[in-house]
2 protein chains.
Amino acid sequence: MDMISALTAFSALSQQTRLEAFRLLVTTGDAGMSAGEIAEALEVRQNTLSANLSVLLQSGLVRNQREGRVIRYFADTDGMRGLLGFLLEDCCGGQPELCQPLIEDLTCGEGPCA
Amino acid sequence: MDMISALTAFSALSQQTRLEAFRLLVTTGDAGMSAGEIAEALEVRQNTLSANLSVLLQSGLVRNQREGRVIRYFADTDGMRGLLGFLLEDCCGGQPELCQPLIEDLTCGEGPCA
DNA sequence: TAATCATATCCATAATTCATGAATTATGGA
DNA sequence: TCCATAATTCATGAATTATGGATATGATTA
């Protein structure tokens, strides 16, 4: 992931409706959620959400797929991985002794994630 | 980390000068860098950088410390960990089978980070 | 074909963000 | 105390972004 993509992704996540939508999509995983369901869950107007989903799409953090009349959205795992990698890249390159314990904290295994 | 803090952090990272400054501070680790050195490295005016550093400070991603006339800035590992945890939290809670491989990719061990 | 449902797009307005120059504060040395 | 240096704060205007109403598109059903 390059700097521009990272900026776009961070910018996409720096707005409440979008961050909430993204988290929602992360929790629903492969099932995803239709635009309408997301709008209802977050209590935002349809057109406002649509605009925000389009920002998330462009950031690569979210994918979508038309299913008949409905358009279903999904968190994009690759996009998320790219962003996490970008954040940790310098850390790993420059300061692995700082970085490794930071990563080890992030395992899902035991207890809450972080 | 709560939603507001995460929004603040993402917003802080969604601007080029700030993202570059943050990455710079990550690579310098415990050594940190003075405001002037950062401004010089990034070729931005002192007051512009100062405003941007203050945004990073408030986001918790960066700390600072006065040393005589100089103010030295450092990446805040705890802040970074909090943000990563926030991103992965839902993933771990809701979709550990998606999340774990994503995390495993992030080890510093072999090759580039991501 | 007409009606309807789910989304997206267009447009205007409101709100936010950003870089800049000028002024200010804090520190250390002569 | 005076001066120079390091950095911050403040006010401003330009640019960007968010929002909501209206409308358009695209897919299904009757």
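In what follows, every chain begins at residue 1, and chains take the letters A, B, ... in the order their sequences are listed. The figures that follow rest on heavy atoms only: side chains count, while hydrogens, waters and symmetry mates do not.
Straight-line distance from the CD atom of B/Gln15 to the C1' atom of C/dA19: 9 Å, rounded to whole Å. Separating the CG atom of A/Asn47 from the C1' atom of D/dG21 is a distance of 7 Å, rounded to the nearest angstrom. Atom P of nucleotide C/dA6 and atom CD of A/Glu40 are separated by 10 Å, given to the nearest angstrom. The nearest whole Å value for the distance from the CG atom in A/Asn52 to the C1' atom in C/dA8 is 13 Å. Look at CG on B/Leu49: it is 12 Å from C1' on C/dA19, rounded to the nearest Å. Distance, A/Leu53 CG to C/dA6 P: 16 Å, rounded to whole Å. Between A/Ile71 atom CD1 and D/dG26 atom P there is a gap of 11 Å when expressed in whole angstrom units. If you measure from atom CD of A/Gln16 to atom P of C/dT16, you get 13 Å, rounded to the nearest angstrom.
Residue-level contact check: A/Ser34 touches the backbone only, with heavy atoms under 4.0 Å from sugar-phosphate atoms and none from bases. Across all strands shown, A/Arg72 has no heavy atoms under 4.0 Å from either base or sugar-phosphate atoms. Heavy atoms of A/Arg69 sit under 4.0 angstrom from at least one base atom.
Between A/Arg45 and D/dG21 there is a side-chain N or O to OP1 or OP2 distance below 4.0 Å. One finds no side-chain N or O of A/Tyr73 lying less than 4.0 angstrom from the OP1 or OP2 phosphate oxygen of C/dA6. Between A/Thr48 and the phosphate of D/dG20, there is a side-chain N or O to OP1/OP2 separation shorter than 4.0 Å.
Nucleotide D/dT28 has C/dA3 as its partner under the Watson-Crick or G-U criteria, with both atom distances under 3.5 Å. The base-pairing partner of C/dT27, taking Watson-Crick or G-U wobble contacts with both distances under 3.5 Å, is D/dA4.
B/Ala21 and B/Leu56 make their closest contact through CB-CD1, 4.2 Å (heavy atoms, listed as atom of the first residue, atom of the second, distance). Taking every heavy atom of both residues into account, A/Gly32 and A/Phe74 meet most closely at CA-CD2, 3.6 Å. In plain terms, the two heavy atoms of B/Phe22 and B/Met80 that are nearest each other are CZ-SD, 3.8 Å. Nearest approach of A/Arg66 to A/Ile71, heavy atoms of both residues: NH2-CD1, 3.7 Å. Closest heavy-atom contact between B/Ala9 and B/Leu83: CB-CD1, 3.8 Å.
The side chain of B/Arg18 has C/dC18 as its nearest neighbour among D/dA22, D/dG26, C/dC18. When distances are taken from the side chain of B/Thr17 to each of C/dG21, C/dA19, C/dA26, the shortest belongs to C/dA19.
The base of C/dA8 lies close enough to the side chain of A/Gln46 for a donor and an acceptor atom to sit less than 3.5 Å apart.
Both B/Gly36 and A/Ser11 lie close to DNA chain D; mapped to their nearest nucleotides by heavy-atom distance, the more 5′-ward contact belongs to B/Gly36.
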